[in-house]
Amino acid sequence: MRLFFTILSALFFFHITGCKKFLETKPSDFSVPEQYYSTEGELNDALAGCYASLAAIGTYGLYWSAFLPHADDLGYYNSTVSTANAMVYDNTPSDTYYEYAWRDFYYGITRVNYLLANVNRPVMDEQKRSAIKGEALFLRGFMYFQLVASWGDVPLILEPVEDSRKVNIPRTPAAAVYSQVLKDLKEAQTLVNTYEANGGPVHVSKTAVEAMLARVYLKMAGAPMNDVAKYTDARAWADSVIQSGTHSLNPSYSKVFINESEDLYDNTSKEVLWEVEFYGNNVGALRIGGRFVNYLSVTNNNAAIGNSYGRVGTTGYLYKLYNTADLRRDWNIAGFAYTNGVEIPKANTDIYTRGIGKWRRKYETVTPKNTDYGPTNFPVIRYSDVLLMFAEADNYLNGPTGRAYEAVNQVRRRAYGQPAGNTVSVVDALQLATAGNTGYDKTVRVIPVTLSG
């Protein structure tokens, strides 16, 4: 008994003398918000984590970019495996595609909220701080836009969630969510850098924010919001990008997507305003390869070229939407199949078994090529999007104006292999392409494009 009390006394003494210092030692194996966000480098690391949420499997890594958008009459689920999923119009409560998309967008929003709550902590250059804050605001607005456009009323969370037990967060009406999206994007536009200052399309720039504002307003002008007054805003923001003179169309449509696989930024035309970046072959410490390209490429089992599952096929209906002289058709809809790593042309009559050719793993420069993951980036918004959004909004507001026609025909001239400076109409371009003419005809004729709201 005496020994027991001696040990107890010793433990008590240790508790009030030596143990106090031990318990107050800051943990070194993990970080908490109170310790983090203390330097410019930590803010940049946190921002990288926000961007990384868009490269997750539920977002542009696979589900949001490849699986969920293809439940339509332009593509089909090219697999003999009977699996309930969105692409076969068979959704179940256990569908992980939607679950992971929802989860990963909210993961990203949570990261942004923590960053914004602590962005003012470190001592640093104020212009750099503003750019970080602006990009974070944009990312939150963008992710909420994806959620509200897909689900309608969704929980609107704008502060860090510190109590994990508070999970029953009510949905916010869609109109209020859209309002917050616009608020975040407009503030971001005043804070982020220009495209030139960023040096590429991975970090959000002023024109990328303006283009996204045009897209949001155009969505609000249509169903289910049907707020047609928003056409005015959509036109204004798209026109702001056009008038900046920063961006133009790459003369080669296919080169836009080859660049994405080769990890090249087209800083000449700057057609891609913003893209989700993936990196490497998912081997090593930094594993942020994307899987969408593996599923959206022509079926192939040759490792040197790059394995592809070809899970999404194209339909005859999509093939027939293109004119025979439209260069985009045989790039987007591959006119070949792989046999032992060799491209075998498909017959002209075989238009029902073709795969997606927009992304082609043979252009990836990272080796060895991973079976499932690759470095191909995903272009979220391009200058061609801006031109077509401007044309749609302008036509609704003012009728088929010359500027609306010109915006459409910039896209179509490129599609028919015509130089950007040509003033030929779409019909002229079609005739020239069909006849093999080099396209020097400068005659301006009636542009046969019908626009509607």
Side-chain angles (χ1 to χ4, degrees), residues 194-196 198-202 205 207-208 210-211 214 238-239 241-275 277 293 321-335 356-360 362-365 376-391 402-445 447-449:
T194 63
Y195 183 100
E196 291 83 357
N198 285 340
V202 175
S205 65
T207 45
E210 292 167 357
D239 194 35
V241 178
I242 295 171
Q243 297 305 320
S244 74
T246 301
H247 305 277
S248 60
L249 297 177
N250 188 310
S252 169
Y253 175 79
S254 60
K255 185 60 175 170
V256 174
F257 303 97
I258 293 174
N259 286 342
E260 300 293 347
S261 293
E262 292 181 335
D263 267 338
L264 297 177
Y265 302 143
D266 173 18
N267 286 333
T268 301
S269 69
K270 307 178 184 68
E271 175 168 345
V272 178
L273 278 71
W274 178 48
E275 62 190 39
E277 186 170 40
V293 69
L321 288 177
Y322 289 100
N323 189 280
T324 56
D326 192 329
L327 302 178
R328 297 171 298 183
R329 186 192 68 182
D330 292 336
W331 181 261
N332 294 334
I333 304 174
I356 294 177
K358 181 175 287 187
W359 291 280
R360 305 184 183 190
K362 68 179 183 179
Y363 293 106
E364 293 177 4
T365 57
T376 298
N377 295 344
F378 190 94
V380 180
I381 194 159
R382 298 187 285 125
Y383 188 61
S384 52
D385 297 319
V386 174
L387 291 171
L388 297 178
M389 289 190 295
F390 173 84
R403 285 202 64 194
Y405 280 132
E406 175 56 25
V408 170
N409 279 296
Q410 282 189 52
V411 177
R412 292 198 172 182
R413 287 191 197 104
R414 198 251 309 262
Y416 289 106
Q418 298 301 302
N422 265 13
T423 55
V424 297
S425 70
V426 173
V427 161
D428 292 325
L430 176 58
Q431 292 171 344
L432 292 172
T434 304
N437 193 296
T438 55
Y440 291 110
D441 184 358
K442 300 291 185 180
T443 306
V444 179
R445 297 182 176 87
I447 303 174
V449 179

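Of all heavy-atom pairs spanning Phe390 and Ala404, the tightest one is CE2-N, 4.4 Å. The two residues Ala407 and Ala391 make their nearest non-hydrogen contact at CB-CB, 4.2 Å.
Looking at heavy atoms from C-beta onward, Leu387 lies out of side-chain contact with Val408 at the 4.5 angstrom threshold. Taking 4.5 Å as the limit, some side-chain heavy atom of Ile242 sits within range of a side-chain heavy atom of Arg403. Between Tyr383 and Lys270, the closest side-chain pair of non-hydrogen atoms is not below 4.5 Å. Side-chain contact between Arg382 and Asn250: absent, with no pair of heavy atoms (C-beta onward) separated by less than 4.5 Å. For the pair Asp266 and Val256, the minimum side-chain heavy-atom distance is 4.5 Å or more. For the pair Glu275/Phe378, no side-chain contact is recorded, criterion being any heavy-atom separation below 4.5 Å from C-beta on. Put simply, the side chain of Gln418 does not reach to within 4.5 Å of the side chain of Gln410, judged on heavy atoms. Contact annotation: the side chain of Tyr416 never approaches that of Leu327 to less than 4.5 Å [non-hydrogen atoms, C-beta and beyond].
In this structure, CD1 in Ile258 is found 12.5 Å from CD in Glu364, a value given to the nearest 0.5 Å. Between atom NE2 of residue His247 and atom CG of residue Asp385 there is a gap of 12.0 Å, rounded to the nearest 0.5 Å. Once rounded to the nearest 0.5 Å, the distance linking OG of Ser252 with CZ of Phe257 reads 10.0 Å. Rounded to the nearest 0.5 Å, atoms CG (Asn332) and OH (Tyr322) are 4.0 Å apart. Atom CD1 of Ile333 is separated from atom CD1 of Ile356 by 9.0 Å, given to the nearest 0.5 angstrom. In this structure, the separation between CD on Glu210 and OG on Ser244 is 7.0 Å, given to the nearest 0.5 Å.
Note on Glu260 versus Lys358: no salt bridge recorded, every NZ/NE/NH1/NH2 to OD/OE distance being 4.0 Å or above. With salt bridges taken as basic N to acidic carboxylate O contacts below 4.0 Å, none links Lys255 and Glu271.
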Practice item. Might you work through the side-chain contact (heavy atoms from CB on, under 4.5 Å) test for Leu249 and Ser384, ending with a clear yes or no? Key: CA-CA 7 Å; Leu249 297 177; Ser384 52; 3.9 Å; yes
Check your understanding: Are Thr246 and Thr194 close enough, and set up right, to give a side-chain contact (heavy atoms from CB on, under 4.5 Å), and what steps lead you there?
Key -> CA-CA 9 Å; Thr246 301; Thr194 63; over 6 Å; no
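A cation-pi contact, defined as under 6.0 Å to the ring centre and within 45° of the axis, links Arg360 to Trp331.
If you check the side chains of Glu277 and Tyr265, you find a donor sitting under 3.5 Å from an acceptor.
The only option from Leu273, Asn267, Val272 that meets the side-chain contact (heavy atoms from CB on, under 4.5 Å) definition with Tyr195 turns out to be Asn267.
Between the Asn409 side chain and the Arg412 main chain, no donor and acceptor come within less than 3.5 Å of each other.
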